[in-house]
Amino acid sequence: MRFDTYSASHRPSGPLPGHGGDAPVATGVLVAVEIDAATVRRGDQVMIGAQAFTVRDLSTLAGGAKRLVFDSGDSFVMGSRTVLWAARRVDPRRRGRA
């Protein structure tokens with residue numbers, strides 16, 4: 001099995017694999033959080049039908065529902081009483097914020 005390593009002396013030019021150019025590198029740790037329409041955030045990784053979707057954008061609909069738009073281009077309408085589990089990146093140095 002081969003593992004690619006990147007040291008200071010042998011580093012490829014350009015961005016590292018998986019890091020898109022000027023895209024910020026994610027910091028913090030992933031934690032599992034229970035979300036509803038009132039608490040969902042951009043960047044949350046929501047599991048729907050055994051597939052992970054990352055929330056790119058969201059908009060409020062009538063009755064407290066939210067339309068989630070994912071990085072894949074798919075969308076999902078989350079009712080005001082729908083509860084899902086998501087992975088959220090959290091900075092452990094900042095207390096009280098999930």
Side-chain angles (χ1 to χ4, degrees):
M1 183 178 295
R2 179 176 174 231
F3 294 97
D4 290 324
T5 59
Y6 299 99
S7 65
S9 63
H10 177 67
R11 183 172 178 178
S13 60
L16 294 174
H19 295 96
D22 294 330
V25 176
T27 59
V29 295
L30 282 176
V31 295
V33 292
E34 191 176 78
I35 60 169
D36 58 22
T39 60
V40 64
R41 298 182 189 171
R42 285 182 182 89
D44 283 351
Q45 296 175 358
V46 182
M47 291 295 290
I48 301 173
Q51 184 161 351
F53 293 92
T54 302
V55 178
R56 178 180 62 198
D57 196 15
L58 45 106
S59 56
T60 304
L61 303 174
K66 294 250 176 108
R67 174 175 285 121
L68 310 180
V69 179
F70 303 115
D71 284 345
S72 63
D74 295 318
S75 64
F76 175 75
V77 175
M78 186 173 190
S80 61
R81 296 182 184 196
T82 303
V83 176
L84 298 171
W85 283 93
R88 180 175 289 167
R89 195 160 297 277
V90 176
D91 185 352
R93 294 170 290 190
R94 294 179 67 181
R95 297 184 127 184
R97 296 204 51 169

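Computed from heavy atoms alone, side chains included, the values below leave out hydrogens, waters and symmetry copies.
- Residue P92 comes nearest to G28 through the heavy atom pair CD-CA, 4.2 Å, listed as atom of the first residue, atom of the second, then distance.
- When all heavy atoms are compared, the tightest approach of F53 to I48 is CE1-O, 3.7 Å.
- A distance of 6.0 Å separates CG of D71 from CZ of R56, quoted to the nearest 0.5 Å.
- Within the 4.5 Å cutoff, the side chain of M78 has heavy atoms near those of the L84 side chain.
- To the nearest 0.5 angstrom, R89 atom CZ is 7.0 Å from Q45 atom CD.
- Annotation: the span from R67 atom CZ to L61 atom CG amounts to 5.0 Å, rounded to 0.5 Å.
- Contact check for F76 versus F70: side-chain heavy atoms found under the 4.5 Å cut-off.
- Side-chain atoms of W85 and M47, non-hydrogen and from C-beta on, never get closer than 4.5 Å to each other.
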- prompt: What's the verdict on side chain to side chain contact (heavy atoms under 4.5 Å, CB included) for D36 and T82, showing C-alpha distance, side-chain angles and the deciding distance?
  reply: CA-CA 6 Å; D36 58 22; T82 303; over 6 Å; no
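- Checked for salt-bridge contact, D57 and R42 meet the test: a charged N lies under 4.0 Å from a carboxylate O.
- Contact check for R41 versus I35: no side-chain heavy atoms found under the 4.5 Å cut-off.
- For the pair V83 and E34, the minimum side-chain heavy-atom distance is below 4.5 Å.
- Counting heavy atoms from C-beta outward, L58 and V69 have side chains that stay 4.5 Å or more apart.
- Residues D44 and T39 come closest through the heavy atom pair OD2-O, 4.4 Å.
- Put simply, the side chain of K66 gets close to the backbone of A37: a donor and an acceptor are under 3.5 Å apart.
- Smallest separation of non-hydrogen atoms from G79 and A65: CA-CB, 4.1 Å.
- Cluster membership for V33 and V29, using ILVMFWY side-chain heavy atoms within less than 4.5 angstrom, is shared.
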